[in-house]
Amino acid sequence: MANIKADEITKILREQIENYQQTVAVEEVGSVISVGDGIARIHGLDRCMAGEMLSFPHDVFGIALNLEEDQVGAVLLGDYTEIREGDTVKRTNKIMSVPVGEALIGRVVNPLGQPIDDKGPVQTQHFNPLERLAPGVVDRQPVREPVQTGIKAIDSMIPVGRGQRELIIGDRQTGKTAIILDTILNQKGGDMICIYCAIGQKRSTIAQVVKTLADHGALDYSVVVAASASEPATMQYIAPFAAAAMGEYFRDNKRHAICFYDDLSKHAQSYREISLLLRRPPGREAYPGDVFFLHSRLLERAAKLNDELGAGSLTALPVIETQAGDVSAYIPTNVISITDGQIYLEADLFNAGIRPAINAGISVSRVGGNAQIKAMKQVAGTLRLDMAQYRDLAAFAQFGSEQLDKTTQAQLARGQRVVEILKQDQYQPLPVERQILIIFAGNNRYLDDLEIDQVRRFERELYPFVESNFNGVFKTLREKKAIDDALKADMIKALDAYKERFKAGGAAGS
């Protein structure tokens, strides 16, 4: 005992204390109280943030959604069957993020940005948080540039602009996804990046979409984010936010992107499932009270940024599936009130062979003519109104058309022909200059004396004829984007020449 020196002890203790301070590493750790249905309740994470990413064993991650007094409720992502009660959970101090950037173009990924197309890992250094504040009022500019969908009925009557949110709404099997696919195919050779987000779809349906895009060479400028019906509700819940984060990368880098959320009805259902499992109070139809905020904070991220921020844009085309055409149900009315207009597809029109089955009366674009080039505005100005009036007249005329006066009969005949020219086959988007020419022909009575079953053939043969004999018409329309007197005269000359040939050919054919 006698040979222990006090100063040696102090020296050793001092060294120990100094070393101890160097090696200290504070990790906030909690433990799982209960786990089930993709939800974990965790004790011990007092400083956890809302939306923070939590690390579980077996490379499983979770998002903290409920911050309660004595516990944290988190949704689990990935294969959560391995997680057990008592497992250790660590904070990551990071908000949930997904990989973004050029490397994703042409890929099919899940909502965590992990590839599911067997083409190897996604090589990117860029990450964006799932949830981000939408650009403010000052950071935006009005929607002015058109997004050409290649669908006559939409580009002429319900135009979509860059930075707009236009809802596609209708019952199942009315052609909602078909409109999305045509819009993606029509961006070929342009500067738009298309992001297709499938939420709760059948895997076979998603595979079909990917195959269609690949067959038409559209995967070269597209990203597919897939959370199929077999994925847990948590993956379906984050899918559209992941797609928006990927789109924002292009928007913030002075580029243009368009997001298709197919569909938000299933998204609301997955969020309802998570909320009820987290014991949040249910509201109307058992949806949580913030289901409205869920979609508004997603869709508000679509914007056309101002010139100081690079003038990039993110356009959103969400899809809502209605039950038996009921647009006044809870989720449809919510999303209609958030978006800048809706394209309403009707089962009756679809079954009557009018495809795309767009109801011109209920459909509207709140951006209107601002999202059209001048030439389209000139020919299609009153088209939507005319179509709505024709629908009303047609309904009235069903009760007996023999008593109708000449003017009404002429208006009905005109309307029937316009309906014919607005029909379009799938996967055949039309360049805007061709759309303008056929609508111009309809407005200027070139179709009035044709039989109804001849109208589609008239249109089909018109384009190659004008292309080979009056090529200047399409070229001028493309470049000037407006119809002046000289161009109008050329268009009339081309249509006159074609009409004569068509009549001669039609007579010979019959």
Side-chain angles (χ1 to χ4, degrees), residues 149-160 166-183 201 205 260 262-266 317-336 339 341-365 380 382-401 404 408-409 411-430 435 438-439 442 447 451-456 459:
T149 63
I151 299 166
K152 288 174 284 190
I154 294 177
D155 289 346
S156 60
M157 298 189 290
I158 322 148
V160 182
E166 183 80 15
L167 173 66
I168 301 171
I169 183 167
D171 285 10
R172 57 188 297 275
Q173 297 295 313
T174 48
K176 301 187 296 294
T177 307
I179 283 183
I180 288 175
L181 287 172
D182 281 353
T183 306
Q201 305 267 7
T205 312
F260 305 91
D262 193 3
D263 65 84
L264 290 188
S265 312
K266 302 227 175 50
L317 273 96
V319 175
I320 285 283
E321 187 181 288
T322 52
Q323 308 292 326
D326 182 11
V327 270
S328 59
Y330 187 33
I331 300 298
T333 46
N334 271 354
V335 183
I336 283 172
T339 48
Q342 68 278 348
I343 298 165
Y344 179 57
L345 303 173
E346 209 169 81
D348 293 347
L349 293 176
F350 187 87
N351 296 332
I354 298 170
R355 295 169 194 179
I358 294 170
N359 179 328
I362 304 183
S363 301
V364 62
S365 170
T382 59
L383 191 62
R384 208 182 130 250
L385 195 62
D386 294 346
M387 283 301 296
Q389 285 174 344
Y390 159 70
R391 287 256 188 282
D392 292 344
L393 257 184
F396 180 68
Q398 281 178 329
F399 299 115
S401 51
L404 297 175
T408 313
Q409 283 178 340
Q411 200 176 345
L412 274 172
R414 188 79 174 284
Q416 287 170 322
R417 283 152 184 78
V418 173
V419 167
E420 284 300 308
I421 61 171
L422 290 179
K423 287 183 182 176
Q424 201 166 331
D425 294 330
Q426 202 177 343
Y427 310 138
Q428 289 181 6
L430 268 188
Q435 297 182 29
I438 189 66
I439 294 169
L447 310 171
E451 292 298 321
I452 295 217
D453 55 2
Q454 289 184 315
V455 173
R456 298 289 297 276
E459 182 193 358

Tell me if a side-chain donor or acceptor on [X] pairs with a main-chain N or O of [Y] at a distance below 3.5 Å.
X      : Y      : value
Thr333 : Ala329 : yes
Thr174 : Ala347 : no
Arg414 : Gly442 : yes
Ser363 : Tyr344 : yes
Arg384 : Met157 : no
Glu166 : Leu317 : no
Gln424 : Gln428 : yes

Those residues that, when tested against Ala388, pass side chain to side chain contact (heavy atoms under 4.5 Å, CB included) (two or more places apart):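 Counting only residues at least two positions away or on another chain, Ala388 forms no side chain to side chain contact (heavy atoms under 4.5 Å, CB included).
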Chi angles and distances behind the side-chain contact (heavy atoms from CB on, under 4.5 Å) call for Thr149, Ile179: CA-CA 8 Å; Thr149 63; Ile179 283 183; over 6 Å; no
Considering non-hydrogen atoms only, spot the tightest contact between [X] and [Y] and give its length.
X      : Y      : result
Gln201 : Asp263 : NE2-N, 4.2 Å
Ser365 : Pro159 : OG-O, 2.7 Å
Pro332 : Val327 : CB-O, 3.5 Å
Asp171 : Glu321 : C-CG, 4.2 Å
Ser156 : Ala380 : O-CB, 3.6 Å
Ile421 : Ile439 : CD1-CA, 4.2 Å

Would you check if [X] and [Y] make a side-chain contact, meaning some heavy-atom pair closer than 4.5 Å?
X      : Y      : result
Asn359 : Leu349 : yes
Ile169 : Ile336 : yes
Leu181 : Tyr427 : yes
Tyr390 : Val418 : no
Ile151 : Pro429 : no

For Lys176, all residues meeting salt bridge (Lys or Arg N to Asp or Glu O under 4.0 Å), sequence neighbours excluded: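 Lys176 satisfies salt bridge (Lys or Arg N to Asp or Glu O under 4.0 Å) with no other residue.
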With Glu420 via salt bridge (Lys or Arg N to Asp or Glu O under 4.0 Å) - residues at least two apart: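 Listed in chain order: Lys423.
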Steps toward side-chain contact (heavy atoms from CB on, under 4.5 Å) verdict (Tyr330, Asn334): CA-CA 6 Å; Tyr330 187 33; Asn334 271 354; 3.7 Å; yes
Measure the [atom1]-[atom2] distance between [X] and [Y] for me, rounded to the nearest 0.5 Å.
X      : Y      : atom1 : atom2 : result
Ile320 : Lys266 : CD1   : NZ    : 10.0 Å
Ile158 : Ile343 : CD1   : CD1   : 5.5 Å
Phe396 : Thr408 : CZ    : OG1   : 8.5 Å

Identified side-chain contact (heavy atoms from CB on, under 4.5 Å) counterpart of Ile154 within the set Ile168, Thr183, Asp182, Ile358: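 For Ile154, the side-chain contact (heavy atoms from CB on, under 4.5 Å) check succeeds only for Ile358.
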Derivation of the side-chain contact (heavy atoms from CB on, under 4.5 Å) call for Val419 and Ile354: CA-CA 8 Å; Val419 167; Ile354 298 170; 3.9 Å; yes
From CA spacing to verdict: side-chain contact (heavy atoms from CB on, under 4.5 Å), Phe350, Gln173: CA-CA 9 Å; Phe350 187 87; Gln173 297 295 313; 5.7 Å; no
Asp425 bridged to Arg456 by N-O distance under 4.0 Å: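 Yes, this pair counts.
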Electrostatic pair Arg417:Glu459 at N-O distance under 4.0 angstrom: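 Result for this pair is no, no salt bridge flagged.
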Exercise: do Asp386 and Thr382 side chains pair donor with acceptor under 3.5 Å: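 The answer is yes; a qualifying pair exists.
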